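See structure below.
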Amino acid sequence: MTDQVKERMREVKSILVSQPKPQDENSPYFKLAEKYNLKVDFRPFIQVDPVSIKEFRKQKIDILNHTAVIFTSRNAVDHFFSICQELKIEMPADMKYFCISEQTANYLQKYIIIRKRKIFTGHRTAEDLIEILKKHKNEKYLFPCSDIRKEDIPEFLNINGFKYSEAIIYRTVASDLSDLENVYYDILAFFSPSGINSLLVNFPDFKQNVTRIAAFGPTTAKAVRDAGLELDIEAPLPNAPSMTGAIELYIKKANGLK
């Protein structure tokens, strides 16, 4: 172990998670904090702002000229139906919905009667959803999304000649983190490239020093490295599929625990 690695591998006492505080009191983050006597705080590094109706209209998208809608998040569901409400559009009963997960599909009941609709659900990832889309090539898809989104689904639709429209219905922007300027944590946990971007937008002179950075997913890990930062904890791991699992493995090593 080099001196530089030893210097960074110091005891962990505090973690800042760049997401909203979990509502579930049984969250693994709370259990982690209790088990290792840690200070664990939560702060969203990004916020979601809706596009205006004027901006949406500039995209010249006719919602009702589609036979299916692809949803990859609850944010997409909320902002899509908000736009429909403002435009006084009622979704037809035969509209099909393709959702990335069961959680997203269940969330639809906030806006429609699920049992009367055709809903197709992936397990959790875009790859799962793509497998379902392959069986429904004749639909005309609408993909409501953020101005910052992954390429996988649009790339698949393009390569395979699907008919679809992409509608930007909300924007992902950096939160104001100025109150954290002189606050320090042993670990910062990130879940998207947007979170890394927010860190650098808020603190362009950010010096990592001995702050450890945890990243979930390959695109987040790449964003950390592209920013010239040291990535200390990368999740998921074969023996730790969650962020909390990967952080726990690191804490055991850094804090000298078995």
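Source: prediction; values computed, not measured. Residue indices begin at 1 and follow the sequence shown.
The two atoms that bring G245 and A240 nearest to each other are C-CB, 3.5 Å, heavy atoms only. Here the closest non-hydrogen pair linking K134 and F162 is CA-CZ, 4.3 Å.
Within the 4.5 Å cutoff, no side-chain heavy atoms of P144 are placed close to those of H79. Residues F191 and F45 fail the side-chain proximity criterion, which asks for heavy atoms closer than 4.5 Å.
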Tell me which donor-acceptor pairs under 3.5 Å the side chains of residues 13-27 have, and how far apart each pair is, sequence neighbours excluded?
residue: S14; atom: OG; partner: D186; partner atom: N; Å: 3.1
residue: S14; atom: OG; partner: D186; partner atom: OD2; Å: 3.4
residue: S18; atom: OG; partner: A189; partner atom: O; Å: 2.6
residue: D24; atom: OD1; partner: N26; partner atom: N; Å: 2.8
residue: S27; atom: OG; partner: Y29; partner atom: N; Å: 3.2

Please output the side-chain donor-acceptor pairs of residues 106-114 that fall under 3.5 Å, not counting sequence neighbours, one pair per line with the distance.
residue: N106; atom: ND2; partner: E102; partner atom: O; Å: 3.3
residue: Y107; atom: OH; partner: D78; partner atom: OD1; Å: 2.9
residue: Y107; atom: OH; partner: D78; partner atom: OD2; Å: 2.8
residue: Y107; atom: OH; partner: K110; partner atom: NZ; Å: 3.1
residue: Y111; atom: OH; partner: D78; partner atom: OD1; Å: 2.5

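Residues forming a side-chain hydrogen bond (donor to acceptor under 3.5 Å, both in side chains) with S198 (at least two apart in sequence, or on another chain): N202. Checked against salt bridge (Lys or Arg N to Asp or Glu O under 4.0 Å), D226 has the following partners two or more places apart in sequence or in another chain: K222. With sequence neighbours excluded, no residue forms a side chain to side chain contact (heavy atoms under 4.5 Å, CB included) with P218. Remark: T172 pairs with I46, S146, D147, I148, Y170, S194 by the side chain to side chain contact (heavy atoms under 4.5 Å, CB included) rule, at least two apart or across chains. For K118, the side chain to side chain contact (heavy atoms under 4.5 Å, CB included) partners two or more places apart in sequence, or in a different chain, are K96, F120. With sequence neighbours left out, D179 forms a side chain to side chain contact (heavy atoms under 4.5 Å, CB included) with R43. Listed by chain and number, the residues in a salt bridge (Lys or Arg N to Asp or Glu O under 4.0 Å) with R171 are E55 (sequence neighbours excluded).
In this structure, Y184 shares a hydrophobic cluster with no other residue, the cluster being traced through Ile, Leu, Val, Met, Phe, Trp and Tyr side chains under 4.5 angstrom apart. Here V201 sits alone; no ILVMFWY side chain lies under 4.5 Å from its own, so it joins no hydrophobic cluster.
The main-chain N or O of A221 is never found under 3.5 Å from a side-chain atom of E234 such that the two would form a donor-acceptor pair.
Under the salt bridge (charged side-chain N to carboxylate O under 4.0 Å, His left out) criterion, no residue pair touches residues 189-205, with sequence neighbours excluded.
Residue N138 places its CG atom among 12 or fewer non-hydrogen atoms of other residues, nucleotides or ligands, all under 6.0 Å distant.
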**OP:** Kindly determine whether E34 and K31 satisfy salt bridge (charged side-chain N to carboxylate O under 4.0 Å, His left out), including the steps that lead there.
**Re:** CA-CA 5 Å; E34 186 178 359; K31 292 179 179 177; over 6 Å; no

